[in-house]
Amino acid sequence: MTNDKIIVALDVPDLESAIALVDKLESVSFWKVGLELFTSTGPRILEILKSRQKRIFLDLKFHDIPNTVAGACRSAARYGVDLLTIHATSGVDALKAATEAAQTGAAQAGVQPPKLIAITLLTSISARQLAFDLKIPLELPEFALEMALMAKDSGLDGAVCSPQEVAQLRQTCGHDFLLVCPGVRPTWAEKGDQMRSLTPSQAIQAGANYLVIGRPITAAAEPELAWKRISEELTTK
Ligand SMILES: O=C(O)c1cc(=O)[nH]c(=O)n1[C@@H]1O[C@H](COP(=O)(O)O)[C@@H](O)[C@H]1O
């Protein structure tokens, strides 16, 4: 099964629900801890995932001035997580400072540095919202590409983008640049607040290294079945 390309978003409110889900979905090897769970549990959830030999995407989406994001990345890197996020719109100086600080934090703790990846444009933003609410005068695919290139030039390991932009980013940023796609939806799942989605197999075919999937699995009546179904769809396509 190609399920090592799927990162499941552990978007639950507390430690108890997180442990219940991790235990239920035993064959998931890569979990994403985001703002909701980390704000609730702190690093405790990371220790639990590590004790179960899971890989961890710590998705705290840092967005601040260079000194502050550097401090946050230095602290986060000490946890020995696999992936860590920062908004590309923090700017070049912040991205460079964050990259350096993540290396320093990991070295201080004697762990592998995380892959630092930049959010290009949240997958909940449509082309219309980009233009009319955020007042960005670029076309959406061009904006996402510019953010990815800025991240790459600043020394980051990769970017988070919607599956609709991944082919273009792969072509322009090359094969060594990690591309992680949330906003992925099997045909049978609700889109919810995701605006620029494709199916899991389309996203992989377009060049994504990893998919981030939450509610289609975690909010399903039977999460194990939903997980199995997505894994099988990826293997057979
Ligand atoms: O960084 C992310 O993972 C992320 C970036 C983005 O642009 N869009 C996005 O949906 N995400 C995360 O990916 C997950 C998607 O969850 P579902 O929409 O439930 O599949 C959530 O945990 C989001 O926080």
Side-chain angles (χ1 to χ4, degrees), residues 3 5-13 17-18 21-22 25 28 30-41 45 49 55-63 69 72-73 76 81-90 98 114-127 129-130 134 136 140-141 143-145 147-148 151 156-166 169 178-200 202-204 208-221 223 226-227 229-231 233-234:
N3 64 15
K5 289 187 178 297
I6 307 175
I7 303 174
V8 180
L10 201 41
D11 290 333
V12 292
S17 331
L21 200 54
V22 170
L25 294 170
V28 173
F30 210 154
W31 286 95
K32 183 174 85 83
V33 174
L35 290 169
E36 181 182 8
L37 187 58
F38 196 78
T39 302
S40 162
T41 68
I45 181 61
L49 289 170
R55 298 172 76 200
I56 303 171
F57 172 7
L58 183 57
D59 175 30
L60 299 181
K61 291 191 179 67
F62 297 134
H63 193 192
V69 289
C73 286
V81 295
D82 298 279
L83 295 177
L84 186 64
T85 42
I86 178 169
H87 278 281
T89 49
S90 301
K115 301 273 186 211
L116 188 61
I117 57 177
I119 310 292
T120 52
L121 178 70
L122 290 171
T123 56
S124 55
I125 304 286
S126 66
Q129 289 165 339
L130 184 73
L134 305 186
I136 304 280
L140 192 152
F143 179 75
L145 181 61
M147 292 302 102
L156 269 73
D157 300 293
V160 179
C161 64
S162 102
Q164 296 190 6
E165 294 101 52
V166 72
L169 264 59
L178 258 186
L179 292 174
V180 177
C181 287
V184 175
R185 288 291 182 267
T187 49
W188 43 267
E190 298 273 332
K191 289 226 168 33
D193 49 6
Q194 297 291 358
M195 293 292 175
R196 312 197 309 277
S197 66
L198 291 181
T199 67
Q202 285 169 333
I204 292 289
N209 297 98
Y210 293 106
L211 310 178
V212 176
I213 307 180
R215 289 161 292 181
I217 296 170
T218 57
W227 159 253
R229 202 169 160 189
I230 294 174
S231 304
E233 278 175 23
L234 272 182

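Numbering of ligands and ligand atoms starts at 1, following listing order.
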*Under 4.0 Å between a Lys/Arg side-chain N and an Asp/Glu carboxylate O for Arg215 and Glu190?*
no
*Point-to-point distance, once rounded to the nearest 0.5 Å, from CZ of Arg185 to CD1 of Ile213*: 8.0 Å
*side-chain contact (heavy atoms from CB on, under 4.5 Å) with Ile86: which of Leu156, Ile119, Leu60?*
Leu156
*Excluding sequence neighbours, so at least two apart, what forms side-chain contact (heavy atoms from CB on, under 4.5 Å) with Ser40?*
Asp14
*Smallest separation among heavy atoms of Gln129 and Ser124, with atom names*: OE1-O, 3.2 Å
Under a 3.5 Å threshold, I'd like every N/O contact between ligand 1 and protein atoms, with atom names and distance.
| unit_1 | atom_1 | unit_2 | atom_2 | d |
| --- | --- | --- | --- | --- |
| ligand 1 | 1 (O) | Asp59 | OD1 | 3.3 |
| ligand 1 | 1 (O) | Asp59 | OD2 | 3.3 |
| ligand 1 | 1 (O) | Lys61 | NZ | 3.0 |
| ligand 1 | 3 (O) | Asp59 | OD2 | 3.3 |
| ligand 1 | 7 (O) | Thr123 | N | 2.9 |
| ligand 1 | 8 (N) | Thr123 | OG1 | 2.7 |
| ligand 1 | 10 (O) | Thr123 | OG1 | 3.4 |
| ligand 1 | 10 (O) | Gln194 | NE2 | 2.9 |
| ligand 1 | 18 (O) | Arg185 | NH2 | 2.7 |
| ligand 1 | 18 (O) | Gln194 | NE2 | 2.9 |
| ligand 1 | 18 (O) | Arg215 | NH2 | 2.7 |
| ligand 1 | 19 (O) | Arg215 | N | 2.7 |
| ligand 1 | 19 (O) | Arg215 | NE | 2.7 |
| ligand 1 | 20 (O) | Arg185 | NH1 | 2.9 |
| ligand 1 | 20 (O) | Gly214 | N | 2.8 |
| ligand 1 | 22 (O) | Asp11 | OD2 | 2.6 |
| ligand 1 | 22 (O) | Lys32 | NZ | 2.8 |
| ligand 1 | 24 (O) | Lys32 | NZ | 3.4 |
| ligand 1 | 24 (O) | Lys61 | NZ | 3.4 |

_Plane angle bin for His87 and His63 - parallel if under 30°, tilted between 30 and 60°, otherwise perpendicular_ = tilted
